[in-house]
Each structure stands twice: as structure tokens, then as C-alpha cells.
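Notes follow once the structure below has been shown.
These figures come from a predicted structure and were not determined experimentally. Chain identifiers are assigned alphabetically (A, B, ...) following the order of the sequence lines, protein sequences preceding nucleic acid strands; residue numbering begins at 1 within each chain. Values reported hereafter were calculated over all heavy atoms of this structure, with side chains retained and with hydrogens, waters and symmetry mates removed.
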Amino acid sequence: MSKILITSALPYINGVKHLGNLAGSMLPADVYARAMRLMGHEVLYICATDEHGTPAELAAQAVDMDVAKYCAQMHDAQKQAGAQFKLTFDYFGRSSAPSNHALTQHFAHILEENGLIEERVSQQVYSKADGRFLPDRYVEGTCPNCDFEKARGDQCDNCGKLLDPIDLIYPYSAVSGSKDVEVRDTNHLYLKQSAMADDLRKWVNAAQGWPPLATSIALKWLDEGLRDRAITRDLKWGIPVTNKDGSPRDGFDGKVFYVWFDAPIEYIAATQDWASETGGDWESWWRTDKGADDVQYVQFMGKDNVAFHALSFPTTIIGSGEPWKLVDQIKAFNWVTWYGGKFSTSEKRGVFMDQALDIAPSDYWRWHLIANAPEGNDAAFTWEEFQASVNSDLANVLGNFVNRITKYCVGKFDGKVPDGGQAGEAEAWLITELQTRIPQLISFYEAREFRKAMAETRAIWAAGNEYLTQAAPWTHYKTDVDQAAIGVRYGLNLVTLFGILAQPIIPDAAEKILGAMNIPELNRTWNFGDADGIASLVDALPIGLEISAPEVLFTKIEDTDIAEWSQRFGGGES
RNA sequence: GGUGGGGUAGCUCAGCUGGUUAGAGCGCAGGACUCAUAAUCCUGAGGUCGUGAGUUCAAGUCUCACUCUCACUACCA
């Protein structure tokens, strides 16, 4: 047994997340956390909302709300959406929490003492009408390259050229439309990532168990030459910049820390909050001098977050010179794409977590999204694929298997696990199948290879159907009830095994299956043991145990549903 | 523009350090079975692995060029 710390990239506060966010960090992290718990590891799964920054302020402003209230409301909405998707966070915190304020200040002070933070002056566009500095992409104007009139300050959407907002012709504020904008000097704190580049490169090169995506992005940034990064912004909403005694820092009035500085620190702060709520020991997860040296720390995130987790946050951690736990494995995902493009909150493209649950249960989404996780590539979401996953994998292969054998047992064997029968070829085949597939399944989970783990899970379910075809208890029943009994008994044991294996992925269905089979909690873990242990799984249920046939586990998705959803969500348009 | 991915059966994707007839699921065709959610099981058809050249006894796998596509490009997060 080992200690496994799991964090999922913090979902940003400005709205309920879409399925791409779910599929690319929170869901796989949850599946992994659940599987590791079942294997007997001590798991702590931490997540939180990322609440600071310009988009939060503007989103609150758009609905005429105080930003703190807006964030509190959205935090609750996201927490609820997570709970409805059965995400088993041990703690779901907030980056605006007092603990994170304190810890962020701590890191800033110690990094400055260590010479890794310095003040520099840069130029930024200020909008008088809005009374605020504008991040580059909130300045629009005419592109100096192609004359496109709505070019963003960071990049022109028309010609694709990278821009500096200062170069825009006729610049205006994208927030208010005001043309009363000017360039002003502004001082900021910079994190000297460049000073850490050699250490980071050594660390990245030595990293084990990262997908190529994570390593290649990290090395790309290092190869291009790691630049120092501003870690403060001209904003009101955020963690203010203070001196060590808590007094305001000179010249940093109206400035706060950049979200990407404080958000990863929230992983630690949320653990502190978890500890104070539960009586847990946060230091044993984060301080290598207090027991965290044997923690395995895995971070889940989309590819856009890799640079921050593989370079910036480690700069904070290593640069502090304090014994903080550094991430061991970064599991990075590509995007789920939506009919050729990205899911987009602003353009309302795609399906959002709350809407998804209006049209299908969480199990359906969990299975489809994890079985088609964007691991190696961007993964295309289509309604047809979703329908096929649910109908074929869940309803036909798993659901129907559970249904056919439990109903048969109820009908012919009084709903009790029957005794009798001789194990033969079919049983031997089944055992061999499980002896090769279950260890493979475990190793896919341990390696966080989710698509492969799901394919293996499906193959195990299919093996159940194949076994029943070979054993054909309904044929034997006519001449030899005992021989029918063994097929039914093994089938029921398989139902139980399938339920146990399904727990991390489709927890609701797993619960229904294991409940119908009357399996106590204690017997639902993943302690399969060696080959003999696996062989014993097929005949583990006590003879005479009463079982019931669960209600239909998965309702099929009809073509008419697909047509309706495509219409409603705009998918399937060409 | 620069950098990094990717382009493999109708669809969604596997193919590790180059090595016999390129794989899976879905879909499709045929057959079997009848316990079951018209479910399941078996068999089969389908690919000159983006294009062109090169290295090699041997290339989906390595090199170069080209092409298409996605992402990143540091003040969106």
C-alpha cells in the first residue's frame, strides 16, 4: 500500500465546465483515484475552483454581481456538477480561500528572499472608461498586418499573426468598446524561471511515467529558453501583494498575484483546508520532512496546463528551498473536439456538464468519455459514437449479460447461487482468459492508460458472454440440471466480478449490480491476488446466496434521441 | 512566422527500441443460438499506413522535402 496524492487541474470559475474539461482532467483523475483506493492505496484526491483573474471579474460584472458573491455561487454550481458526475474529491476547495492567500504570500516572500522574484516595469494598455488595465486579448483594434478590424491584442484571428497590443491601429477596449485607451508603465513582480532552467531540465529528463505529450511540451519551453514570467496583474480581484508583516507593498496598490501563481498553490492550501475539516494531516502529504517523501503525486490536466505544472509551479516549489513535495507524474490530455472545432464556452459550442446530465445519466458519460479519452490525440466527440458506446458496450455487452444470467437464475434456480456441476473446457477457458486479462487491466490502470484499461474492461465483459455461449446452461438444463448449475454459478460470479471492476468507471451501475448480488462492501475491493487467486474468482460466491435480477441497468439511446440532441446542441452540422 | 503533435479499414482509434499474411471497437455481410435489453456468440469482406524521394537484407515504424490538420507561442485561463 502506498500513499497517492492526486490533483486535477483547477476548473476556472466563470461557468459550468464543458465535457472537454471533464474528460481531460477531473474524470480520469477520479477514475484513477477510485481504482487506486480499490487496490488498497491511501488516496487523497484534491481539486478546487480557480477563482481569480480578469475573466472572473468580467463575468461577475456581466451579470451585475459582486465578484466574491459570483464566485461563491459558481463554486457551489461546480461543486454540485462534480458531485452529480460522481467525482470523489476528498476536498473541493477554492483558490480564494484564506488558506491560499496565506500560503501564496508565504511563497512569494520566500522566493523573493531567495532572489527568484524581482520587480520590473512593463507597458500595458489602460482603458480610462473601464478604469482598468486590459490584458492583451481584451484590447482589440485593426491588425497592422492584414487590416482586419477586430484583431485581438495577442493575435489576429484573421491572418493569425501574433501581435503586441501596442502595435494595434485604432485600439479599443474589448470590454466596453471605448477608444479612450493608452499605454502606461506598470511595475510587476517577475518569477525568475530562467534561473531555474537547468534544474528543471534535469528534473524533466529524469521524470518517469509522463506521457510524451507532457515531456515534449515541457522540453519545448526549455529548448526555446525559459523566460521570466510576471506573477502579478493590475486587478482588484485576487490575492493582494503584501510585505512580510502583512502591510501593503509599496507601488502594488491595485495589483494582485496572477492566477497562475496562486492556483497551483491552492493544491496545498486545499489540503490544509481538508485537514482542518477532517482532522487529517496535510503535512504528511506535502512536506517531505513530515512523511510526504513516500507519497506518489500525480497531476491530471489538459495540455494547455503543462507548462505551468511542469515548469512554473516547480520553480515555486524548488525555488522556495523548503521541503515541499514535487509532482512525480504529470498526466496530460489533449482536447475533446466537437464537430471539427474546440468546445467553447464563449461560443456555446458543445455540451456542458449540467446539460449533459439532463439528457443522460452520469455513468453513460463517464464510460464514453473515459473509453475515448483524448490520450494520444485530440478525440472527436460525436453523438453517434456516444450512442454506440452506450448501446453496444454498456447496454448490450455488460447490461444484457447481467440481465440474462440473473433472470435465468431467478427463473430456474429460485434466485439462489446453485451448487453442482463439473468444470470443463468452458470453465478452463474462462479462467485462462481472466488470468491474462485482469493483470493487464491492473497494469493499465497503474500506468494511467485509460483507453487501454477500458478496452480491457470491455473485453472482460465480452468474455462473460462468450463463456455463457460455451457453457450454454439453458441447453444442459433440459438433460442435466447440475451441469446447467455450474454455468449459472460461474455466470453469477462473473456478474459480481464485472460489478467490482466497473466501480471506478460507472459507479451507479456497479452499485446496482453489487447490491443485487448482495455483495458486502468488504468484498468489493481489488485484491485479486496471483493466478490462483484470480482462478478462485469464478466460484467465490457462497452456495445458496440469494440474488436478484437488477432492473434494466442501461436504457438504450434511440436514433430519435440523437437527432433531437444534435438539433439542440448544434452537433452534426456540416 | 516559430515550435510540437497528428494524418493507419466507412467511423473512432491501437501499433514499443524498423523484422513473417498491418490490429481493436463500432458499422456492414453471412451463419449459430434462443437464457437475455430484436440482446449474445462465430465467421467474413474492407487499408498500395497523407504525397514524393532516400537509408536498409528489411520501413506504418528511420532521414529529407512537400501537403493537410490541430495545439502551443509566455498578459485568457
Could you please spell out the steps behind the salt bridge (Lys or Arg N to Asp or Glu O under 4.0 Å) verdict for A/Glu118 and A/Arg120? CA-CA 6 Å; A/Glu118 67 179 31; A/Arg120 293 180 193 170; 2.8 Å; yes
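- For A/Ser216, counting side-chain heavy atoms from C-beta on, the closest listed nucleotide (B/U37, B/G4, B/C41) is B/G4.
- With a glycosidic angle no more than 90° from 0, B/G46 adopts the syn conformation.
- The shortest distance between side-chain heavy atoms of A/Pro144 and A/Leu163 falls below 4.5 Å.
- A/Gln483 and A/Tyr477 form no side-chain donor-acceptor contact under 3.5 Å, judged by distance and modelled atom types alone.
- If you check every strand for non-hydrogen atoms under 4.0 Å, A/Ile405 touches nothing.
- A/Ala371 comes within contact range of no nucleotide atom at all, as no heavy-atom separation falls under 4.0 Å.
- Using modelled atom types and a 3.5 Å distance limit, the side chains of A/Glu558 and A/Thr560 yield no donor-acceptor pair.
- Listed nucleotides B/U40, B/A39, B/C11 differ in distance to A/Glu385; the shortest reach to its side chain belongs to B/C11.
- Residue A/Ile557 contributes atom CD1, which lies 13 Å from atom P of B/G27 at whole-angstrom precision.
- Distance check on atom C1': B/G18 versus B/C13 gives 22 Å, rounded to whole Å.
- Map A/Asp378 and A/Glu449 each onto its nearest nucleotide of RNA chain B; the residue landing nearer the 5' end is A/Glu449.
- Among the protein residues, A/Phe554 comes within range of the nucleic acid bases, having at least one heavy atom under 4.0 Å from a base atom.
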Sugar-phosphate or base contact per nucleotide [nucleotides 72-77 of chain B; S, B, -; heavy atom under 4.0 Å]: BBBBBB
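- B/U21 sits 28 Å from B/A32 when the C1' atoms are compared, rounded to a whole Å.
- B/G25 atom C1' lies 9 Å from atom CG of A/Asn372, rounded to whole Å.
- Residues from residues 409-417 of chain A placing a heavy atom under 4.0 Å of any atom in RNA chain B do not occur.
- Counting heavy atoms from C-beta outward, A/Ile13 and A/His75 have side chains that approach closer than 4.5 Å.
- For the residue pair A/Gln193 and A/Ser312, a side-chain donor N or O sits within less than 3.5 Å of a side-chain acceptor on the partner.
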When Watson-Crick pairs (N1 to N3 and N6-O4 or O6-N4) and G-U wobble pairs (N1-O2 and O6-N3) count only below 3.5 Å on both distances, what is the dot-bracket string of RNA chain B, with | for other-strand pairs? (((((((..((((.....[...)))).(((((.......))))).....(((((..]....))))))))))))....
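- Using a cutoff of 4.0 Å between basic side-chain nitrogens and carboxylate oxygens, A/Glu182 and A/Arg184 are scored as salt-bridged.
- Sorted by first then second residue, the salt bridge (Lys or Arg N to Asp or Glu O under 4.0 Å) pairs that include residues 371-389 of chain A, not counting sequence neighbours, are A/Lys303-A/Asp378, A/Lys331-A/Glu375.
- Between A/Asp154 and A/Arg152 there is a salt bridge, since at least one side-chain N of the basic residue sits less than 4.0 Å from a carboxylate O of the acidic one.
- Between the P atoms of B/U17 and B/G52, the separation comes to 25 Å (whole Å).
- Among the atoms of the strands shown, only primed sugar atoms or phosphate atoms (P, OP1, OP2) are found under 4.0 Å from some heavy atom of A/Ala462.
- Between A/Ala455 and A/Ala463, the residue anchored nearer the 5' end of RNA chain B, judged by the nucleotide with its closest heavy atom, is A/Ala455.
- Across B/A39, B/U34, B/C26, the shortest atom-to-atom separation from the side chain of A/Ala388 is found for B/C26.
- Atom CD in A/Glu456 sits about 21 Å away from atom P in B/C13, given to the nearest Å.
- Residues in residues 485-499 of chain A take part in these salt bridge (Lys or Arg N to Asp or Glu O under 4.0 Å) pairs, two or more places apart or across chains: A/Arg489-A/Asp539.
- Scanning atom types as modelled, no donor and acceptor separated by under 3.5 angstrom connect the side chain of A/Asn396 and the base of B/A39.
- The pair A/Glu140-A/Lys150 does not meet the salt-bridge criterion, since no charged nitrogen lies less than 4.0 angstrom from a carboxylate oxygen.
- A/Asp561 meets the side chain to side chain donor-acceptor pair (under 3.5 Å) test with no other residue; sequence neighbours excluded.
- Checked for salt-bridge contact, A/Glu51 and A/Arg94 meet the test: a charged N lies under 4.0 Å from a carboxylate O.
- By the criterion of a centre-to-centre distance under 5.5 Å and near-parallel planes under 30°, the ring of A/Trp474 forms a stack with the base of B/C35.
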